[in-house]
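To keep things clear, I will list the structure first and then write my remarks on it.
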Amino acid sequence: GSCLESVKIAIDTGYRHIDGAFVYFNEHEVGQAIREKIAEGKIKREDIFYCGKLWNTCHPPELVRPTLEKTLKILQLDYVDLYIIELPMAFKPGDAIYPKDENGKFIYHETDLCATWEAMEACKDAGLAKSIGVSNFNRRQLEMILNKPGLKYKPVSNQVECHPYFTQPKLLEFCRQHDIVIVGYSPLGTSRDETWVNVSSPPLLKDPVLNAIGKKYNKTAAQIALRFSIQRGVVVIPKSFNPQRIRENFQV
């Protein structure tokens with residue numbers, strides 16, 4: 001229920017861009033929050049920009065539309081505003097979200113990103129997604145799609161990790177040249193999960209420079225970090241369940 005409440009608080013605060021994914025297992029709550037706020041007359045459906053994601057086990061072209069339809073059914077919405085390929089590599093299709101072998105290693109699946117992209121284009125043509133994009137793609141993977149023969153729609157966005165400690169200047173410049181918007185996840189620094197982050201590096205929000213700038217402008221280090229990305233033309237998607245921080249993050 002905390003996700004339901006957080007989304008309602010966010011909508012009341014003024015947020016309109018909601019970044020979701022089937023694999024977050026909370027789309028039912030997000031959809032409910034949107035529908036409740038529409039029923040209250042607070043917003044219309046077209047005010048909300050909802051981003052959904054195609055998970056790694058669903059890359060085969062024949063699985064793309066049914067996967068999006070499943071997301072729409074969970075959300076109880078007619079379309080998503082943006083649908084993106086969450087990662088450029090595929091896992092073995094099936095019921096397991098994280099398929100692993102007997103040694104605990106991920107089971108990958110050979111994928112043709114161009115074929116997956118064509119299935120994404122068909123979803124846009126069918127009106128199930130207003131626009132389509134990608135996530136965690138590097139320049140080479142983006143070029144593979146941009147240079148695809150018969151490309152109908154290019155990716156409108158590339159969602160990647162982006163914050164003051166990981167500024168992605170080369171990728172940002174490449175995407176700018178191709179009118180691809182960078183959406184920065186973990187804009188306040190990554191989670192402190194030692195399985196994939198070097199926890200010996202200081203947490204971003206304790207950075208002395210960010211805090212000094214914050215002091216000057218009477219803002220928090222988090223607000224400075226968000227504003228930094230926005231001023232570079234990066235869309236930010238901070239995550240919070242704390243009502244005070246949800247409101248603070250908006251005041252940049």
Side-chain angles (χ1 to χ4, degrees), residues 1-55 58 64-86 119-135 152-159 179-185 187-188 222-223 226-227 229-231 233-252:
S2 59
C3 174
L4 171 70
E5 282 313 308
S6 297
V7 174
K8 283 160 64 173
I9 289 163
I11 290 172
D12 285 340
T13 301
Y15 288 87
R16 294 295 178 260
H17 175 189
I18 300 170
D19 181 73
F22 169 71
V23 82
Y24 299 164
F25 304 115
N26 59 11
E27 286 192 312
H28 58 295
E29 291 189 26
V30 176
Q32 188 185 336
I34 293 169
R35 292 193 314 277
E36 283 184 21
K37 286 295 161 189
I38 291 171
E40 279 175 29
K42 176 82 187 175
I43 50 164
K44 297 188 185 80
R45 168 63 187 96
E46 55 270 26
D47 296 332
I48 292 291
F49 187 91
Y50 185 83
C51 170
K53 301 185 184 82
L54 180 77
W55 181 238
C58 310
V64 174
R65 180 167 175 162
T67 304
L68 173 52
E69 285 172 341
K70 191 174 175 183
T71 274
L72 292 171
K73 197 175 169 188
I74 294 168
L75 288 163
Q76 291 182 45
L77 296 175
D78 297 330
Y79 65 90
V80 294
D81 298 273
L82 175 62
Y83 198 54
I84 63 179
I85 301 174
E86 189 154 355
M120 296 281 284
E121 290 178 325
C123 288
K124 175 170 158 61
D125 281 338
L128 302 177
K130 297 273 186 194
S131 49
I132 50 176
V134 296
S135 180
K152 202 165 184 186
Y153 308 113
K154 66 180 184 182
V156 298
S157 61
N158 184 18
Q159 187 179 127
D179 286 329
I180 297 169
V181 175
I182 287 271
V183 178
Y185 66 75
L188 305 177
Q223 289 169 319
L226 294 176
R227 178 67 184 246
S229 288
I230 290 168
Q231 284 188 196
V234 173
V235 174
V236 289
I237 44 173
K239 179 180 82 172
S240 181
F241 289 104
N242 178 315
Q244 186 193 338
R245 292 209 187 103
I246 288 171
R247 293 182 189 108
E248 263 181 14
N249 290 342
F250 197 71
Q251 290 165 350
V252 291

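In what follows, every heavy atom counts, from backbone to side chain, and hydrogens, waters and symmetry copies are set aside.
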What's the separation between atom [atom1] in [X] and atom [atom2] in [Y], rounded to the nearest 0.5 Å?
| X | Y | atom1 | atom2 | value |
| --- | --- | --- | --- | --- |
| Y24 | K239 | OH | NZ | 8.5 Å |
| L68 | Y83 | CG | OH | 5.0 Å |
| H28 | I74 | NE2 | CD1 | 9.0 Å |
| I34 | L77 | CD1 | CG | 5.5 Å |
| I182 | S157 | CD1 | OG | 9.0 Å |
| L128 | E69 | CG | CD | 5.5 Å |

Will you find, in the side chains of Y15 and N249, an N or O donor that is under 3.5 Å from an N or O acceptor? no
Looking only at atom types and distance, does a side-chain atom of [X] sit under 3.5 Å from a main-chain N or O of [Y], one as donor and one as acceptor?
| X | Y | result |
| --- | --- | --- |
| E121 | Y153 | yes |
| R16 | D47 | no |
| K53 | F22 | no |

Minimum heavy-atom separation for [X] to [Y], with atom names?
| X | Y | answer |
| --- | --- | --- |
| Y50 | D81 | N-OD2, 2.8 Å |
| N158 | I180 | N-CG2, 3.7 Å |
| A21 | N26 | O-OD1, 4.5 Å |
| R35 | L75 | NH1-O, 2.7 Å |
| M120 | G133 | CE-O, 4.0 Å |
| S6 | F241 | OG-CD2, 3.2 Å |

Please report the C-alpha distance between K37 and E40 in whole Å, then the side-chain angles of each, then the deciding distance to 0.1 Å, and finally whether the side chain to side chain contact (heavy atoms under 4.5 Å, CB included) criterion is met. CA-CA 5 Å; K37 286 295 161 189; E40 279 175 29; 3.0 Å; yes
Check R245, Q244, Q251 against E248 for a side chain to side chain donor-acceptor pair (under 3.5 Å) and give me the one that passes. Q244
Which label fits F49 and H17: parallel for a plane angle under 30°, tilted from 30 to 60°, or perpendicular past 60°? perpendicular
Do V236 and R227 have side chains that get closer than 4.5 Å, going by heavy atoms? no
Quick check: are there more than 12 heavy atoms from other residues, nucleotides or ligands sitting under 6.0 Å from NZ of K124? yes
Decide yes or no on side chain to side chain contact (heavy atoms under 4.5 Å, CB included) for V80 and L72, but give the supporting numbers first. CA-CA 7 Å; V80 294; L72 292 171; 3.8 Å; yes
List for me each residue that meets side-chain contact (heavy atoms from CB on, under 4.5 Å) alongside L4, sequence neighbours excluded, and say none if there are none. K8, E29, Q32, A33, E36
Could you go through V134 and I84, starting from their C-alpha distance and side-chain angles, then the distance that decides it, and tell me whether this counts as side chain to side chain contact (heavy atoms under 4.5 Å, CB included)? CA-CA 5 Å; V134 296; I84 63 179; 5.5 Å; no
Steps toward side chain to side chain contact (heavy atoms under 4.5 Å, CB included) verdict (D78, R45): CA-CA 10 Å; D78 297 330; R45 168 63 187 96; over 6 Å; no
